[in-house]
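Indexing begins at 1, ligand by ligand and atom by atom, following the structure's order. Residue numbers start at 1 and run along the sequence shown. None of these values were measured; they are calculated from a predicted model. Excluded from the calculations below are hydrogen atoms, water molecules and symmetry mates; all remaining heavy atoms, backbone and side chain alike, are included.
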Amino acid sequence: MSTVQGRLRIAVQKSGRLADRSLDLVRDAGLRVVKGNNDLLYRVENYPIDLLRVRDDDIPTFVADGVCDLGIVGENVLEEARNGGPRAEVVMPLGFGRCTLKIAAPPTLAYDGPASLEGLRIATSYPTVLRRWLDERNVRAEIVTMRGAVEVAPRLRLAAAICDLVSTGATLEANGLGPHDTVLDSQAVLIRSPVAAEPSLRPLLDSVVDRMAGVVSSQGAKYVMLNAPRSALDRITAILPGAGSPTVMPLSGRDDAVAVHAVCQEAVFWETLEKLKAAGASAILVLPIEKMM
Ligand code: PRT
Ligand code: ZN
């Protein structure tokens with residue numbers, strides 16, 4: 001049995017690095033979120049859906065157990081929560097919350113690949129992920145689990161190296177640590193419960209997933225319109241980034257030129273426009289895409 005009778009539940013981080021973007025995604029999918037008097041639970045006023053706002057570490061379990069139907073969480077947290085029990089299914093990567101779980105160490109440690117860690121102590125908040133990574137490489141090392149401030153472990157002589165999340169690398173640098181091997185590349189993902197929702201709610205659940213997929217795929221995508229000489233059509237469509245097959249339409253009163261419309265999945269830079277122009281394109285328009293399905 002999943003969720004409260006008659007309502008879907010989506011687990012999101014209450015506060016922290018993923019909280020705002022998670023809420024944005026929910027809103028962009030057309031769910032009108034209203035804050036109730038309960039801080040843990042926000043209601044969606046236009047659908048029978050609640051947002052459960054929790055610590056990110058609780059999200060994988062809530063979704064795996066069917067307490068929530070969907071969840072938004074970092075892959076790092078999801079992987080760390082693997083325990084051999086039922087698992088939440090990853091629906092799709094969401095393109096935000098990117099970071100890397102990395103081995104890092106002071107310069108005094110001569111690091112030359114995972115084997116350099118043999119017999120050492122490594123501090124981390126991700127013991128499960130690190131253990132798997134070391135085992136796969138036949139490295140025996142001792143893992144010290146720390147909830148936070150992992151980067152100070154080498155200075156306190158608690159560990160010879162660390163395994164921690166990095167985004168800009170500023171924290172490592174400030175602590176005199178150098179980045180080495182990558183243990184995991186991570187970003188926020190949408191996860192779905194293996195426990196089936198009530199039959200009456202399944203179409204709504206599918207529609208929320210589809211809408212979120214639409215929001216994610218339209219992010220960064222642009223609609224490009226231009227006029228092209230027929231003779232340069234192939235060259236011009238080849239320049240359009242990630243366009244698939246564009247729509248080509250006649251221009252009234254002109255046999256030598258056509259209008260080209262295309263959805264570009266990748267960023268369209270000034271350089272691209274300059275190349276299009278040099279190839280003979282004119283009247284180039286680049287428009288944002290609000291929704292895509
Ligand atoms: O309270 P709750 O448990 O929900 O939150 P939390 O404190 O566990 O997590 P939070 O909000 O800090 O991060 C949530 C998720 O954001 C993580 O699980 C990752 O998936 C993702 N994320 C993305 C990051 C970072 N980037 C990141 N840079 N999580 C942590 N960091 C840390 C990093 O470890 C370093 O200590 O931020 C610090 C700054 O990083 P640099 O490299 O930019 O200096
Ligand atoms: Zn957490």
Any heavy-atom pair between the side chains of Ile49 and Leu201 that's under 4.5 Å? no
Side-chain touch Val26/Met212, heavy atoms, less than 4.5 angstrom: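 In contact.
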Please determine if [X] has a nitrogen or oxygen closer than 3.5 Å to a nitrogen or oxygen of ligand 1.
{"X": "Gly16", "value": "no"}
{"X": "Ser186", "value": "no"}
{"X": "Gly169", "value": "yes"}
{"X": "Glu151", "value": "no"}

On a heavy-atom basis, I'd like to know which of [options] is closest to [atom].
{"atom": "atom 22 (N) of ligand 1", "options": "Ala188, Cys99, Gly74", "answer": "Cys99"}
{"atom": "atom 12 (O) of ligand 1", "options": "Lys14, Glu75, Arg17", "answer": "Arg17"}
{"atom": "atom 2 (P) of ligand 1", "options": "Asp56, Ile162, Val54", "answer": "Asp56"}
{"atom": "atom 40 (O) of ligand 1", "options": "Leu78, Asn175, Thr171", "answer": "Thr171"}

Identify the heavy atoms of [X] and [Y] that sit nearest to each other, and give their distance.
{"X": "Ile143", "Y": "Pro127", "answer": "CD1-O, 3.8 Å"}
{"X": "Ser217", "Y": "Met292", "answer": "O-CE, 3.3 Å"}
{"X": "Ala88", "Y": "Pro194", "answer": "CA-CD, 4.1 Å"}
{"X": "Met146", "Y": "Ala123", "answer": "SD-CB, 3.8 Å"}

Keeping the roles fixed (side chain from Gln187, backbone from Gly97), state whether a donor-acceptor pair exists under 3.5 Å. no
Quick one: does Asp50's side chain have a donor or acceptor within less than 3.5 Å of a partner on Arg9's backbone?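 Between the backbone of Arg9 and the side chain of Asp50 there is no qualifying donor-acceptor contact (under 3.5 Å).
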Can you check the angle at the Zn ion (ligand 2) formed by OD1 of Asp56 and OD1 of Asp57? Round it to the nearest 10°. 80°
For ligand 1, does Val150 get within less than 4.0 Å through its side chain, its backbone, both, or neither, judged by non-hydrogen atoms? neither
Ligand 1-proximal atoms of Leu18, by part, heavy-atom distance under 4.0 Å: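 Looking at Leu18 and ligand 1, just side chain atoms fall under 4.0 Å.
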Can you sort out which atoms of ligand 1 are near [X], meaning under 4.0 Å from one of its heavy atoms?
{"X": "Val77", "result": "18 (O)"}
{"X": "Thr168", "result": "41 (P), 42 (O), 43 (O), 44 (O)"}
{"X": "Val166", "result": "42 (O)"}
{"X": "Asn76", "result": "17 (C), 18 (O), 19 (C), 20 (O)"}
{"X": "Arg55", "result": "1 (O), 2 (P), 3 (O), 4 (O)"}
{"X": "Arg98", "result": "23 (C), 26 (N)"}
{"X": "Ala170", "result": "42 (O), 44 (O)"}

Step through the shown structure and confirm whether more than 12 heavy atoms of other residues, nucleotides or ligands are within 6.0 Å of CG on Asp256.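 Yes, CG of Asp256 has more than 12 neighbouring heavy atoms, counting only those of other groups under 6.0 Å.
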Is the closest basic N to carboxylate O distance between Arg192 and Asp206 below 4.0 Å? yes
Between Arg17 and Asp56, is the closest basic N to carboxylate O distance under 4.0 Å?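 Answer for the salt bridge query: no.
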Give me the residue, atom name and distance of the protein heavy atom closest to [atom].
{"atom": "atom 34 (O) of ligand 1", "value": "Leu165 O, 2.8 Å"}
{"atom": "atom 5 (O) of ligand 1", "value": "Gln13 NE2, 2.9 Å"}
{"atom": "atom 28 (N) of ligand 1", "value": "Ser167 OG, 2.9 Å"}

Counting only heavy atoms on the protein side, is anything nearer than 4.0 Å to atom 18 (O) of ligand 1? yes
Mind telling me whether Tyr111 and His180 have parallel, tilted or perpendicular rings, with 30° and 60° as the class edges? parallel
Are Leu23 and Val209 connected, step by step, through hydrophobic side chains (Ile, Leu, Val, Met, Phe, Trp, Tyr) whose heavy atoms are closer than 4.5 Å?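 Leu23 clusters together with Val209.
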